[in-house]
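In what follows, a single structure is set out as structure tokens and then discussed.
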Amino acid sequence: QVQVVESGGGLVQAGGSLRLSCAASGSIFRINYMAWYRQAPGKQRELVATITGAGSTGYADSVKDRFTISRDLAKNTVYLQMNSLKPEDTAVYYCNADIRTALYGTSYNGWGQGTQVTVSS
């Protein structure tokens, strides 16, 4: 079984920074990819950033040049460094992990519980 847990959310003023963490644990043979999503009240879930098992990254246009996704392979953890935060970044941020659990097993796709990020004006 695999568990995905986020942390690091909080309240910050516009222009400030936060770093979110997402740790995957359990039966992990290989991480196919990990991603950050966010959802603001009354809005659809939005893909924010992705990182593959090989380390390739991608970003939504709205956060490009402000957010950075990175990983710690030894800890099966992905981070989202958020700089120059804006009020429109306010949302619940969710981690999504797609994991191969064994050489001959099927993939697991799981979500964390979410962490609230609030950016004040």
Side-chain angles (χ1 to χ4, degrees):
Q1 294 184 331
V2 177
Q3 186 177 28
V4 181
V5 180
E6 308 106 328
S7 62
L11 175 64
V12 65
Q13 293 187 85
S17 299
L18 285 172
R19 190 179 76 158
L20 307 183
S21 299
C22 174
S25 61
S27 299
I28 301 174
F29 176 76
R30 184 184 69 208
I31 295 177
N32 297 319
Y33 67 82
M34 298 182 76
W36 286 99
Y37 290 78
R38 66 186 182 187
Q39 188 164 24
K43 296 188 177 181
Q44 292 185 324
R45 183 188 64 184
E46 175 188 17
L47 177 63
V48 176
T50 61
I51 187 165
T52 71
S56 298
T57 60
Y59 300 92
D61 288 341
S62 60
V63 306
K64 193 172 296 182
D65 300 323
R66 298 190 297 119
F67 292 9
T68 302
I69 189 169
S70 62
R71 64 181 182 173
D72 185 331
L73 293 176
K75 297 180 179 180
N76 289 321
T77 298
V78 65
Y79 304 96
L80 186 67
Q81 179 66 46
M82 305 185 294
N83 298 325
S84 301
L85 283 163
K86 305 174 181 179
E88 51 262 44
D89 295 318
T90 295
V92 178
Y93 283 70
Y94 297 94
C95 180
N96 176 231
D98 194 89
I99 296 167
R100 182 77 172 268
T101 59
L103 179 61
Y104 299 111
T106 58
S107 294
Y108 170 86
N109 189 282
W111 294 81
Q113 78 284 359
T115 185
Q116 176 72 48
V117 172
T118 302
V119 184
S120 62
S121 300

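- Between Ala24 and Ile99, the shortest heavy-atom contact is CB-CD1, 3.9 Å.
- Remark: the Ser62 side chain and the Glu88 side chain contain no N/O donor-acceptor pair separated by less than 3.5 Å.
- Asn76 has its side chain out of reach of Ser25: every pair of non-hydrogen atoms, C-beta onward, lies at least 4.5 Å apart.
- The closest donor-acceptor contact from the side chain of Glu6 to the backbone of Cys95 lies under 3.5 Å.
- For the atom pair CH2 of Trp36 and CG of Asn96, the computed distance is 11.0 Å after rounding to the nearest 0.5 Å.
- The minimum heavy-atom distance between Ala97 and Val4, with the atom names listed, is CB-CG2, 3.9 Å.
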TODO: With salt bridge (Lys or Arg N to Asp or Glu O under 4.0 Å) as the test, would you mind laying out the steps for Lys64 and Asp61 before giving the verdict?
DONE: CA-CA 5 Å; Lys64 193 172 296 182; Asp61 288 341; 3.4 Å; yes
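- Taking CD1 of Ile28 as the start and OH of Tyr108 as the end, the distance is 10.0 Å to the nearest 0.5 Å.
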- [ ] Test side chain to side chain contact (heavy atoms under 4.5 Å, CB included) on Met82 and Asp89 and set out the steps.
- [x] CA-CA 9 Å; Met82 305 185 294; Asp89 295 318; over 6 Å; no
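- Side chain of Ser121 to backbone of Ala14: no donor-acceptor contact under 3.5 angstrom is found.
- At distances below 3.5 Å, not a single donor-acceptor pair connects side-chain atoms of Thr50 with backbone N or O atoms of Ala35.
- We find the OG-CZ distance between Ser27 and Arg100 to be 13.5 Å, quoted to the nearest 0.5 Å.
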- [ ] Starting from the C-alpha separation in whole Å, work towards a yes-or-no answer on side chain to side chain contact (heavy atoms under 4.5 Å, CB included) for Thr90 and Gln116.
- [x] CA-CA 8 Å; Thr90 295; Gln116 176 72 48; 4.0 Å; yes
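- The two residues Ser7 and Thr115 come nearest to each other via the heavy atoms C-OG1, 4.3 Å.
- Expressed to the nearest 0.5 Å, how far OG1 of Thr101 lies from CZ of Phe29 amounts to 9.5 Å.
- Smallest separation of non-hydrogen atoms from Val78 and Met34: CG1-CE, 3.6 Å.
- Note that the CG atom of Asp98 and the CG atom of Asn109 stand 4.5 Å from one another [nearest 0.5 Å].
- For the pair Arg71 and Gly55, the tightest heavy-atom approach, listed with the atom from each and the gap, is NH1-N, 3.5 Å.
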TODO: Under the side chain to side chain contact (heavy atoms under 4.5 Å, CB included) rule, what do Ser17 and Val12 come out as? Steps first, then yes or no, please.
DONE: CA-CA 7 Å; Ser17 299; Val12 65; over 6 Å; no
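- In the hydrophobic clustering of this structure, Val48 groups with Ile51; members are Ile, Leu, Val, Met, Phe, Trp, Tyr whose side-chain heavy atoms approach within less than 4.5 Å, directly or through other members.
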Task: Verdict with reasoning, Leu20 to Val117, per side chain to side chain contact (heavy atoms under 4.5 Å, CB included) - done: CA-CA 9 Å; Leu20 307 183; Val117 172; 4.0 Å; yes
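- Under the 4.5 Å side-chain criterion, counting only non-hydrogen atoms from C-beta, Phe67 is in contact with Leu85.
- Taking the six-membered ring for Trp and thresholds of 30 and 60 degrees, Tyr94 and Trp111 have ring planes more than 60 degrees apart, a perpendicular arrangement.
- A chain of hydrophobic side-chain contacts below 4.5 Å, direct or via other Ile, Leu, Val, Met, Phe, Trp or Tyr residues, connects Tyr37 to Val92.
- With a 4.5 Å cut-off on side-chain heavy atoms, Thr68 and Tyr59 count as touching.
- Within the model, atoms OH of Tyr93 and CG of Leu80 stand 7.5 Å from one another, a figure rounded to the nearest 0.5 Å.
- Linking Ile, Leu, Val, Met, Phe, Trp and Tyr residues whenever their side-chain heavy atoms come within less than 4.5 Å leaves Tyr79 and Ile31 in two separate clusters.
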